[in-house]
Amino acid sequence: MTILGIGLDLVTISEFSEQLQKSGTTMLRESFTTGERRYCQSKGTDPARSYAARWAAKEAVLKAWASSRFARRPQIGDNPYPLIEVVNDAWGRPSIKLHGLAAEFLPRVRVHLSLTHDGDTAAAMVVLEDPGELADLIDGREASG
């Protein structure tokens with residue numbers, strides 16, 4: 001097991017909410033999956049808290065991935081956000097599901113995620129873990145076995 005990258009992101013919920021409420025914004029449709037939108041809208045009178053935490057998670061994944069690439073942002077298109085989805089299990093625990101090029105570039109990577117809210121802040125912490133061979137290739141070593 002090798003840690004490939006760590007990412008942390010903080011979002012000010014009130015500022016994020018203002019962005020979502022701007023006339024003509026396409027941010028929700030372009031950055032969040034149908035499942036994420038459904039989940040956030042089900043969270044009562046303030047879905048911006050859930051959206052902000054998911055945005056922080058997406059940013060944290062990109063930061064962790066970039067750190068695994070020696071601080072070069074992953075080259076997965078102009079809008080990588082819908083490729084990184086925050087899903088919840090039956091108990092409400094969040095995790096990351098990768099789609100498209102993100103899933104292709106990180107095929108065996110396990111993404112550890114922690115989300116939190118406090119007052120006007122949402123935060124996410126991500127750790128990218130590789131069980132073995134991918135880390136060897138990134139480091140320039142031949143995979144064993």
Side-chain angles (χ1 to χ4, degrees), residues 1-139 143:
M1 172 194 77
T2 300
I3 301 301
L4 297 175
I6 298 171
L8 172 68
D9 196 64
L10 300 172
V11 174
T12 303
I13 297 167
S14 58
E15 291 176 9
F16 195 80
S17 180
E18 287 176 21
Q19 175 68 30
L20 295 179
Q21 294 173 19
K22 284 186 178 177
S23 178
T25 187
T26 58
M27 183 179 196
L28 288 180
R29 184 173 36 85
E30 292 179 357
S31 300
F32 295 93
T33 66
T34 301
E36 288 171 317
R37 292 192 307 268
R38 188 179 315 114
Y39 177 85
C40 292
Q41 292 303 131
S42 76
K43 298 313 285 180
T45 59
D46 191 13
R49 291 178 63 78
S50 294
Y51 279 119
R54 276 148 183 74
W55 182 264
K58 292 167 185 269
E59 284 288 326
V61 168
L62 290 171
K63 289 174 181 179
W65 191 359
S67 70
S68 76
R69 296 174 38 80
F70 308 103
R72 294 186 314 256
R73 191 169 181 93
Q75 299 299 312
I76 55 173
D78 293 337
N79 184 13
Y81 301 104
L83 302 178
I84 303 164
E85 181 179 18
V86 179
V87 296
N88 293 80
D89 67 13
W91 295 275
R93 296 177 297 200
S95 62
I96 296 290
K97 182 175 182 182
L98 300 174
H99 301 283
L101 287 175
E104 288 179 33
F105 286 131
L106 300 170
R108 293 177 304 275
V109 171
R110 182 169 178 207
V111 183
H112 300 272
L113 171 65
S114 180
L115 299 177
T116 191
H117 309 83
D118 186 26
D120 196 34
T121 303
M125 169 73 178
V126 165
V127 176
L128 299 183
E129 173 193 345
D130 176 62
E133 297 167 10
L134 185 60
D136 292 339
L137 295 174
I138 288 172
D139 289 341

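All values below come from the heavy atoms of this structure, side chains included, with hydrogens, waters and symmetry mates left out.
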Minimum side-chain heavy-atom gap [X]-[Y] below 4.5 Å:
{"X": "Thr121", "Y": "Val11", "result": "no"}
{"X": "Leu128", "Y": "Val111", "result": "yes"}
{"X": "Gln19", "Y": "Met27", "result": "yes"}

Measure the spacing between [atom1] of [X] and [atom2] of [Y] and express it to the nearest 0.5 Å.
{"X": "Leu28", "Y": "Trp55", "atom1": "CG", "atom2": "CH2", "answer": "10.0 Å"}
{"X": "Ile84", "Y": "Leu62", "atom1": "CD1", "atom2": "CG", "answer": "4.0 Å"}
{"X": "His99", "Y": "Thr33", "atom1": "NE2", "atom2": "OG1", "answer": "6.0 Å"}
{"X": "Glu129", "Y": "Ile3", "atom1": "CD", "atom2": "CD1", "answer": "5.5 Å"}
{"X": "Thr34", "Y": "Arg29", "atom1": "OG1", "atom2": "CZ", "answer": "11.0 Å"}
{"X": "Arg49", "Y": "Asp120", "atom1": "CZ", "atom2": "CG", "answer": "8.5 Å"}

Could you report the tightest heavy-atom contact between [X] and [Y], atom names first, then the distance?
{"X": "Ala60", "Y": "Val126", "value": "CB-CG2, 3.6 Å"}
{"X": "Leu98", "Y": "Ala102", "value": "CD1-O, 4.0 Å"}
{"X": "Ile13", "Y": "Ala52", "value": "CG1-CB, 4.0 Å"}
{"X": "Val86", "Y": "Ala57", "value": "CG2-CB, 3.7 Å"}
{"X": "Ala124", "Y": "Leu113", "value": "CB-CD1, 4.3 Å"}
{"X": "Ala56", "Y": "Ala122", "value": "CB-O, 4.4 Å"}

Side-chain donor-acceptor contact under 3.5 Å, Glu36 with Tyr51: no

Option among Arg54, Lys63, Lys58 that satisfies the salt bridge (Lys or Arg N to Asp or Glu O under 4.0 Å) test with Asp9: Lys63

Test item: Arg37 side-chain N/O and Phe32 main-chain N/O as donor-acceptor pair under 3.5 Å: yes

Within 6.0 Å of CG in Asp118, more than 12 heavy atoms from elsewhere: no

